[in-house]
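Model, not experiment: these values are computed from the prediction. Excluded from the calculations below are hydrogen atoms, water molecules and symmetry mates; all remaining heavy atoms, backbone and side chain alike, are included.
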Amino acid sequence: RADTVADAFELYPKTLEIAKRNAKRNRVDDRFSPVLGDVLLPGLLGDIKYEAILSNPPYIRSEVVDTLAPEVKQEPRVALDGGEDGLVFYRTILQNFSDNLKDGGFFLFEIGYDQGEDLKTLAGKYGYSCEIFKDLGGCDRCALLKR
């Protein structure tokens with residue numbers, strides 16, 4: 001939608017610059033606010049309310065990261081490693097930012113191919129329903145969480 005605006009949070013200045021360039025290239029830079037910040041820190045969003053919070057966090061289990069294909073391992077480990085169970089970022093985002101959703105708002109997460117059931121369980125613990133969407137290969141890929 002042409003009236004959609006977005007705040008984009010990124011931990012590293014270099015990747016934030018890439019996000020800025022991508023927004024400009026796609027002609028949405030007038031509706032895009034890049035913010036340097038760590039989503040693992042509570043209070044990052046203050047009292048701001050959003051209709052949607054989307055995230056493609058690191059979600060690969062720590063023990064699996066070193067076994068990934070070489071082209072995937074070109075990414076920094078911090079961009080891949082989702083902790084022991086791969087769910088650290090999801091848990092933290094739900095814990096820290098549920099109050100930042102407007103009534104009727106939602107979370108949309110990219111997830112690992114085998115994380116659908118885990119996300120459903122986690123969502124339920126925080127009072128959300130969870131619908132899983134599969135990618136073209138038939139694997140779990142996105143989780144939509146609503147209250």
Side-chain angles (χ1 to χ4, degrees), residues 1-65 68 72 75-147:
R1 292 178 26 186
D3 64 340
T4 300
V5 296
D7 295 334
F9 294 87
E10 179 54 56
L11 183 58
Y12 298 104
K14 185 176 179 181
T15 49
L16 192 63
E17 286 303 317
I18 293 169
K20 289 180 191 178
R21 285 197 309 268
N22 286 340
K24 187 171 185 160
R25 181 179 301 124
N26 288 291
R27 297 187 203 121
V28 296
D29 52 317
D30 60 328
R31 301 180 284 125
F32 176 81
S33 298
V35 180
L36 194 61
D38 185 346
V39 299
L40 293 180
L41 297 177
L44 177 69
L45 303 181
D47 294 331
I48 300 171
K49 298 284 187 178
Y50 293 95
E51 292 178 25
I53 296 177
L54 291 65
S55 182
N56 178 12
Y59 54 75
I60 298 169
R61 289 185 309 279
S62 297
E63 67 183 26
V64 175
V65 173
L68 296 171
V72 177
E75 294 287 332
R77 185 177 186 97
V78 296
L80 303 169
D81 193 334
E84 185 178 334
D85 63 358
L87 304 175
V88 167
F89 283 85
Y90 305 115
R91 229 182 332 274
T92 303
I93 290 168
L94 291 171
Q95 182 176 330
N96 289 349
F97 305 121
S98 287
D99 289 342
N100 294 101
L101 279 181
K102 291 181 179 179
D103 290 341
F106 62 89
F107 287 102
L108 183 65
F109 297 129
E110 180 171 343
I111 64 172
Y113 73 94
D114 60 350
Q115 291 179 317
E117 291 305 314
D118 290 337
L119 259 293
K120 286 180 180 180
T121 300
L122 184 62
K125 288 180 182 177
Y126 286 90
Y128 291 93
S129 65
C130 180
E131 185 176 359
I132 301 298
F133 296 91
K134 297 192 179 291
D135 61 21
L136 295 176
C139 298
D140 295 347
R141 188 55 53 208
C142 291
L144 176 65
L145 284 65
K146 296 180 182 177
R147 287 223 167 157

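- The main-chain N or O of D99 is found under 3.5 Å from a side-chain atom of K49 such that the two form a donor-acceptor pair.
- Atom CG in L144 sits 6.0 Å away from atom CD in E131 (nearest 0.5 Å).
- At distances below 3.5 Å, at least one donor-acceptor pair connects side-chain atoms of N26 with backbone N or O atoms of N22.
- Counting heavy atoms from C-beta outward, F89 and L40 have side chains that approach closer than 4.5 Å.
- Sequence neighbours left out, not one pair with a member in residues 27-43 passes side-chain hydrogen bond (donor to acceptor under 3.5 Å, both in side chains).
- No side-chain donor from either of D118 and Y90 sits under 3.5 Å from a side-chain acceptor of the other.
- Of the inter-residue distances, the one linking L36 atom CG with L16 atom CG reads 6.0 Å to the nearest 0.5 angstrom.
- The residue from I111, D135, I132 that alone fulfils the side-chain contact (heavy atoms from CB on, under 4.5 Å) condition with R141 is D135.
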R91 and Y126: side chain to side chain contact (heavy atoms under 4.5 Å, CB included), yes or no, with the steps? CA-CA 9 Å; R91 229 182 332 274; Y126 286 90; 3.8 Å; yes
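- K20 has a carboxylate O that lies under 4.0 Å from a charged side-chain N of E17, or vice versa, which qualifies the two as a salt bridge.
- In this structure a side-chain-to-backbone donor-acceptor pair under 3.5 Å is present from D85 to L87.
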Using the side chain to side chain contact (heavy atoms under 4.5 Å, CB included) rule, take N96 and L44 through it: C-alpha gap first, then chi angles, then the decisive distance, then the call. CA-CA 8 Å; N96 289 349; L44 177 69; over 6 Å; no
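- Between the side chain of E10 and the backbone N or O of A19, no donor-acceptor pair lies under 3.5 Å.
- Residue D81 comes nearest to G83 through the heavy atom pair OD1-N, 2.8 Å, listed as atom of the first residue, atom of the second, then distance.
- Relative orientation of the F107 and Y128 rings is perpendicular, given thresholds of 30° and 60° on the angle between their planes.
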Does the side chain to side chain contact (heavy atoms under 4.5 Å, CB included) test come out yes or no for D114 and R61, once each step is laid out? CA-CA 11 Å; D114 60 350; R61 289 185 309 279; 3.3 Å; yes
